[in-house]
Every structure is written in C-alpha cells, then in structure tokens.
Amino acid sequence: MKTVFKRPDSLKNVQTHFCPGCHHGSVHRLVAEALDEHKIRSETIGVASVGCSVFLYGYFDVDVIESPHGRAPAVATGAKRARPDRIVFTYQGDGDLAAIGMSEIIHAANRGEDFTVIFVNNTTYGMTGGQMAPTTLPGQKTSTSPYGRDVKNDGAPFKMAELLAQLEGVAFTARVAVNNPKNVLQAKKMISTAFRYQVEKKGFSFIEVLASCPTNWGMQPLAANQRVSDEMIPYFPLGIYRNTANL
Amino acid sequence: MSVNETGKVFIKGNEAVAMAALEAGCKCYFGYPITPQSDIPEYLSRELVKRGGVFIQAESEIGAINMLLGASATGVRAMTSSSGPGISLKQEGISYMAGAELPGVIVDIMRAGPGLGGIDASQADYFQATRGGGHGGYRIIVLAPASVQEMYDLTMLAFDLSDQYRIPALVLADSAIGQMKESIVLNARKQISLPDKSWAVRGRAGDDQQNVVKSLYLGDGEMEAFHWKMHARYQTLSDYECRWEEVMTTDAKLIVTAFGSTSRIAKTAITMAREEGLKVGLMRPISLFPFPKKAYAQLSDHCKYFLDIELSTGQMIDDVRLSVARDAEVFFYGRPPGAGSLPTPEELLEQIKKFYQTVISHQGD
Ligand SMILES: Cc1ncc(C[n+]2csc(CCOP(=O)(O)OP(=O)(O)O)c2C)c(N)n1
Ligand code: SF4
C-alpha cells in the first residue's frame with residue numbers, strides 16, 4: 001500500500017503545547033519535511049529562540065541550541081562557522097527577531113552567514129501574552145496598544161523579508177503563509193528552497209511565515225486563518241523578495 | 001616577534017593572551033573593538049585566520065558572546081575579549097552559558113568605570129567578575145594574571161579548566177598588564193587529559209543521540225537540582241583549583257594582599273620594607289574564583305594583620321575578610337581607578353609603614 005501521509009522523520013512523535021489553531025505547528029511540520037526531503041536531519045543543528053517556539057528541541061528530532069531572546073542569529077553564526085559542514089537554522093518569532101534581535105539578524109544577513117532563518121510573524125508577542133510586536137499592524141489592538149497601534153507613536157510595522165532583501169549577503173528571502181492549502185503548498189516549496197540554498201552553500205536564506213496566534217488575537221482558529229488573508233497579506237504581500245539565482 | 005637566545009619572546013600582555021589562545025587550540029574568536037584590549041582581536045585577526053581558524057568582528061559584544069555560545073555548543077574551543085562596557089553587555093550571554101554548562105573563555109582587560117569611565121587601569125570590576133554579573137545565581141572561573149608570562153599561562157589554564165568543569169572562564173587583567181611588555185617563555189606545556197565533549201551539538205550523524213544545549217528547566221524540581229549540582233561543582237573547584245602566591249609570609253607580622261597589577265607594585269614595596277627591617281609579606285590570589293579561602297585562613301593562624309590594596313574603594317576585601325580568622329584584622333588602602341591612580345612602590349611602602357606601626361602598637365615588636 002502506498003503511504004500518502006506520515007509524520008516527517010525529523011519531527012518527534014509527541015503532542016505539542018501549541019494552542020489550537022496556532023500556526024507554529026504547521027511551520028514546524030514544513031521545516032521538518034524540508035529536512036527530510038534534503039536528507040539532512042542527521043547533520044542539522046537547530047537554534048531555538050525565546051517565544052512560543054522555545055521547545056524546538058522537544059519537537060524536532062535534531063540537535064538544538066537554545067539562545068537568549070533575539071540572539072539566535074549570533075548563536076547560529078558561531079555554530080555554523082565552527083562547523084561549516086553542518087546545516088544550521090534558526091526559528092524565531094517577530095518580537096525575538098525584529099525587536100530585541102534586530103541587530104543580530106541584520107548583521108548575520110549582511111555577513112551572508114550560510115544558515116536558514118525561519119521567521120514566524122504573528123503580529124504579536126505570543127508567549128508573554130499578546131503585547132505589541134514590531135510587526136503589529138497599524139490600528140491593531142494588543143495588550144500594550146489598547147487603542148490600536150499608532151504609527152506616529154510606535155512606528156510602522158517592519159517588513160523584514162523586504163528589508164533583508166536589500167542586503168548583498170542575502171541569497172534568498174521570501175514571505176509565505178500557511179492559512180490555507182494553497183499557501184501551505186507554496187510555503188513548503190519556499191522553505192525547501194531555503195534549505196536547498198544552504199545545502200548548496202549559496203548563503204543566507206530567510207523565510208518569513210505569516211502566522212496566526214488565535215489565543216492572543218482573541219479569535220477562533222478559522223477566523224484567525226481568515227485574518228491572515230484579510231489583514232496581514234495586504235500589508236505583508238507574499239512572494240520572493242531576493243533570489244540570487246535570478247540576479 | 002622574535003625569540004631571543006634564551007628562548008624568550010618580548011611581547012605585550014594582550015599579545016600573550018592571543019598567543020596562548022592559539023597554543024591552546026582555540027578555533028574561533030569573536031570580539032568587538034574596545035580599548036584597552038584591541039591588540040587581542042588585532043593579533044587574532046591575522047594569526048588565527050592563517051591557521052584556518054574563525055575570526056569575526058561582531059556587531060556588538062552581545063553578538064560576540066552569543067557567537068561564542070554557539071561555537072562552544074558545537075564543542076570547539078572559542079574565546080572572546082573585551083573591557084568594562086563590553087563585559088557588561090556580555091553578561092546575559094555568560095548567564096546563558098553558565099545555565100547551559102558551556103565552556104568558553106572570556107578575557108576582561110579592565111578599565112575605569114562606571115559608565116564610560118576611562119581607559120586607565122582598574123580593579124573595580126572584581127565584583128562583576130567574581131559574583132556573576134548576570135542573572136540567576138552562578139559562578140564562573142576567574143583567573144587574575146600579574147605578569148605577561150601569566151597572561152600566557154593563565155589563558156591556557158582558562159581553556160583547560162573551562163572544558164574540564166564546563167563553566168565559562170574569565171581572565172581578569174587590567175590595562176597595565178595588558179599593555180606592558182615583558183620577556184616570557186612560550187611554554188610547551190603538558191596538556192591535561194580532558195573529558196570528551198559528548199554533550200556537544202554536532203548534528204546527529206555518528207551517535208544518533210539528540211543533544212540539546214539549553215538552560216530552560218521547567219520540570220518539577222529540575223531547576224533546583226541544577227542549582228545544587230552546580231553548587232557541588234563550585235565546591236570541587238574550591239577544593240582543587242585554588243591558586244595563589246605567597247611571598248615572605250612565614251614570619252610576617254603584616255601581610256599585604258593584592259591581585260593583578262597592584263600585587264606587582266606591592267611586591268616591590270614589601271621588598272623595600274624588608275630592606276628596612278619590617279616583617280611584611282605578600283599574599284596574592286591568582287584564582288579569584290575559586291578564592292583561596294583556606295590559604296588565607298591558614299595564614300591568619302599566625303599573622304593577624306592584613307593590608308588589602310586595590311584599585312577600587314574595596315571589593316576583594318570582602319572575600320579576604322570572609323576568609324581570614326575572626327580575630328584577624330584587615331586594613332585597606334585603595335586607589336579608585338582613573339588617570340594617575342596607579343600607585344608607586346614608594347606610595348605603597350608609606351602605607352605599609354603606617355599600618356605596620358599600628359600592628360606594632362597592638363602587638364609589640
Ligand atoms: C531579555 C528578555 N526580555 C524579555 C523576555 C520575555 N519574553 C519571552 S518571549 C517574548 C516575546 C515572544 O514573542 P515572539 O518573538 O513574537 O514569539 P511568539 O511567542 O509570538 O512565537 C518575550 C518578550 C525574555 N525572555 N528575555
Ligand atoms: S500564544 Fe499564540 S503563538 Fe503562542 S502557542 Fe498560542 S496561539 Fe501559538
């Protein structure tokens with residue numbers, strides 16, 4: 001009988017702690033599928049960040065280093081430079097990457113560090129209870145922007161996939177979503193490409209995933225999926241922003 | 001650098017640190033420029049790279065310490081160096097390394113502070129170094145060289161101890177020792193046998209065990225158990241790894257105690273005092289953590305008077321007071337850091353004489 005669906009080998013057979021409808025689980029799966037596809041599980045080092053994805057080591061069946069909040073790109077730099085023959089990826093939330101860790105991500109990207117960054121943008125600080133993130137949309141209410149994000153006070157949301165695309169060291173940046181089957185298929189392709197670029201030693205690859213946080217958005221999972229299409233994608237358009245293969 | 005006929009080289013303290021790192025097999029260096037330690041990255045940017053190692057000038061000291069964390073997690077020997085303001089920024093990373101039981105060498109060429117302070121020699125970061133400047137309650141190994149030779153030897157030792165105990169190690173010097181040039185012997189040293197790094201994160205090829213380097217402990221009692229485990233390890237360090245130097249302490253009525261650059265000046269001053277017939281000695285801790293408590297306690301069995309000298313308003317004095325017998329008295333002479341604060345031997349001699357008078361008046365000749 002042909003197997004049509006199975007758990008990727010790179011994922012452990014355990015229940016996750018993610019809230020119902022949270023997209024972190026889907027993103028974990030797509031990353032694991034990419035590791036399986038390229039047969040790199042046994043040579044991969046994951047670098048976890050601080051946020052709801054902190055338990056990376058509990059779900060991925062690969063070696064993992066945990067890093068301080070925002071510092072995953074620096075930790076990954078150290079690991080990859082020390083072991084250039086390994087595959088290294090970071091997995092970071094938007095607070096982690098685009099607020100406290102902005103310096104680390106920009107410089108790692110600019111150096112063209114040969115690792116892959118999975119950036120999960122859910123427009124909020126999930127783990128700490130839904131505060132305003134650097135990617136919170138204008139007007140979006142959070143626990144620390146009760147009147148809605150005011151661009152005059154807080155600045156406008158960072159568009160990381162576009163921002164990093166300006167840097168010469170970057171091989172690949174793309175923004176994807178996982179809120180419907182079509183987007184999931186596209187995301188799978190992009191994540192796979194990012195890891196392939198690393199396997200081919202092409203340089204820094206970056207995937208921004210627009211993700212839901214139903215809990216802190218105060219929404220049912222399906223409504224949260226819908227919000228990704230209705231509010232996030234118009235502000236954060238999907239697509240490839242830099243691809244050195246096309247330069 | 002040329003080796004002279006006696007097999008010695010004439011180099012700066014900071015260069016000795018860099019050369020020792022190469023000799024110890026350090027594979028990666030990560031740093032950010034700051035005076036007075038920039039000779040270390042400058043040297044390694046040339047020499048480490050020649051030997052196939054990794055040199056990165058990081059975006060900040062925060063970047064550098066986390067690169068150290070990442071490299072060290074894969075099992076290689078790695079180092080960073082900085083001074084006051086930069087060491088402050090590294091504290092978060094050092095805390096994470098301590099929490100994850102990661103080795104790694106951090107060199108701190110102290111300068112004056114707080115704030116931007118100045119680039120003059122200082123010992124006012126003793127507390128920051130020995131008390132664990134970051135959060136959570138941990139200790140790191142702290143070694144305090146007092147010569148260019150020791151910059152070399154103790155940097156090597158820092159790599160060994162750090163690997164052996166899986167605790168970050170800090171080499172604590174100041175700009176006087178870092179910038180000073182002296183002739184030293186490049187020891188071809190015996191490498192101690194080190195435990196293998198089966199815990200390191202290398203990808204699972206080979207063993208198929210999942211290795212995780214982390215400091216998150218959420219299970220019931222897990223964090224508490226970690227603290228007691230490390231407490232026991234710190235105790236083992238105290239039992240086996242204390243290092244110190246004693247000079248003319250056997251018959252001393254007054255024992256001067258100082259570390260690093262200050263101890264050098266104090267050594268000259270006690271020699272001058274001896275020439276004048278004063279029975280003074282020197283106790284110089286080399287390991288500041290573990291602090292040689294037992295050695296102080298033993299000294300204070302026969303000598304009841306100590307004079308602690310520091311380039312600060314008094315920090316190590318707390319450890320000295322906690323170590324000596326209860327009936328021993330600890331005097332203090334301090335020169336808080338800043339331009340012109342490095343005392344002369346004559347100045348220290350004067351202080352020694354002053355306190356010696358007090359000793360004699362208490363004790364008789
Ligand atoms: C230095 C530091 N500051 C603050 C925190 C608290 N903290 C933990 S997770 C987090 C934000 C997580 O949000 P995000 O990165 O968006 O990830 P998510 O949880 O949404 O996946 C913060 C601020 C911390 N752990 N360390
Ligand atoms: S808080 Fe949000 S991001 Fe975190 S697990 Fe729950 S839904 Fe996911």
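Hydrogens, waters and symmetry mates are skipped; everything else that's a heavy atom, side chains included, is used. So that the names make sense, note that chain A is the first sequence line, chain B the second, and so on, each numbered from 1.
Looking only at side-chain heavy atoms (C-beta outward), A:Val75 and B:Met67 stay at 4.5 Å or farther from each other. Between B:Leu69 and A:Pro68, some side-chain heavy-atom pair lies under the 4.5 Å cut-off. Considering only heavy atoms from C-beta on, B:Ile56 comes within 4.5 Å of A:Arg111 through its side chain.
Interface residue A:Phe60: only backbone heavy atoms are found under 4.5 Å from chain B. With a 4.5 Å cut-off on non-hydrogen atoms, B:Ala200 touches chain A through its backbone but not through its side chain. Interface residue B:Leu218: only side-chain heavy atoms are found under 4.5 Å from chain A. Proximity to chain A (any heavy atom under 4.5 Å) is shown, for B:Ser95, by neither the backbone nor the side chain. Contacts between A:Ser103 and chain B at a heavy-atom distance below 4.5 Å involve backbone atoms as well as side-chain atoms. B:Leu216 touches chain A through backbone and side chain together, each having a heavy atom under 4.5 Å away. Residue contact with chain A, scored on non-hydrogen atoms closer than 4.5 Å, involves the side chain of B:Lys27 exclusively.
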>> I'd like to know whether B:Thr74 forms a side chain to side chain contact (heavy atoms under 4.5 Å, CB included) with A:Lys80, so could you lay out the CA-CA distance, the side-chain angles of the two residues, the decisive distance to 0.1 Å, and finally the verdict.
In response: CA-CA 9 Å; B:Thr74 69; A:Lys80 182 77 186 195; over 6 Å; no
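Interface remark: of the candidates A:Glu66, A:Arg81, A:His107, A:Glu66 forms the most heavy-atom pairs closer than 4.5 Å to chain B. Note: A:Val62 leads A:Ile106, A:Val54, A:Val62, A:Thr77 in heavy-atom pairs under 4.5 Å with chain B. Considering only heavy-atom pairs separated by less than 4.5 Å from chain A, the leading option among B:Ser215, B:Ser60, B:Cys28, B:Ala100 is B:Ser215. Listed options B:Ile65, B:Val76, B:Asn66, B:Val213 were ranked by heavy-atom pairs under 4.5 angstrom with chain A; first place goes to B:Asn66.
Crowding of B:His227 atom NE2: a count of heavy atoms from other residues, nucleotides or ligands under 6.0 Å exceeding 12. Atom NZ of A:Lys39 sits in a sparse spot, with 12 or fewer heavy atoms from other residues, nucleotides or ligands closer than 6.0 Å. In the displayed structure, B:Tyr32 atom OH is contacted under 6.0 Å by at most 12 heavy atoms of other residues, nucleotides or ligands. Heavy atoms of other residues, nucleotides or ligands lying less than 6.0 angstrom from CD of A:Glu200 number more than 12. Counted within 6.0 Å of CD on B:Glu224, heavy atoms from surrounding residues, nucleotides or ligands total 12 or fewer; the atom is thus considered open. Atom CG of A:Asp85 is surrounded by more than 12 heavy atoms from other residues, nucleotides or ligands within 6.0 Å. Sparse packing is recorded around CZ of A:Phe158, with 12 or fewer heavy atoms of other residues, nucleotides or ligands lying under 6.0 Å away. Annotation: A:Ile240, atom CD1; neighbour count of heavy atoms from other residues, nucleotides and ligands within 6.0 Å is above 12.
Listed here is the closest heavy atom pair of A:Ala74 and B:Gly63: CB-O, 3.6 Å. Considering all non-hydrogen atoms of both residues, A:Asp63 and B:Gly203 come closest at OD2-N, 3.1 Å. Residues B:Glu59 and A:Glu104 share a closest heavy-atom pair of OE2-CA, 3.4 Å. Across all non-hydrogen atoms, the minimal contact from A:Val64 to B:Val201 is O-CG2, 3.7 Å. Minimum heavy-atom separation, B:Tyr96 to A:His69: OH-N, 4.1 Å.
Residue B:Ile62 holds its CD1 atom at 8.0 Å from CD1 of A:Ile100, rounded to the nearest 0.5 Å.
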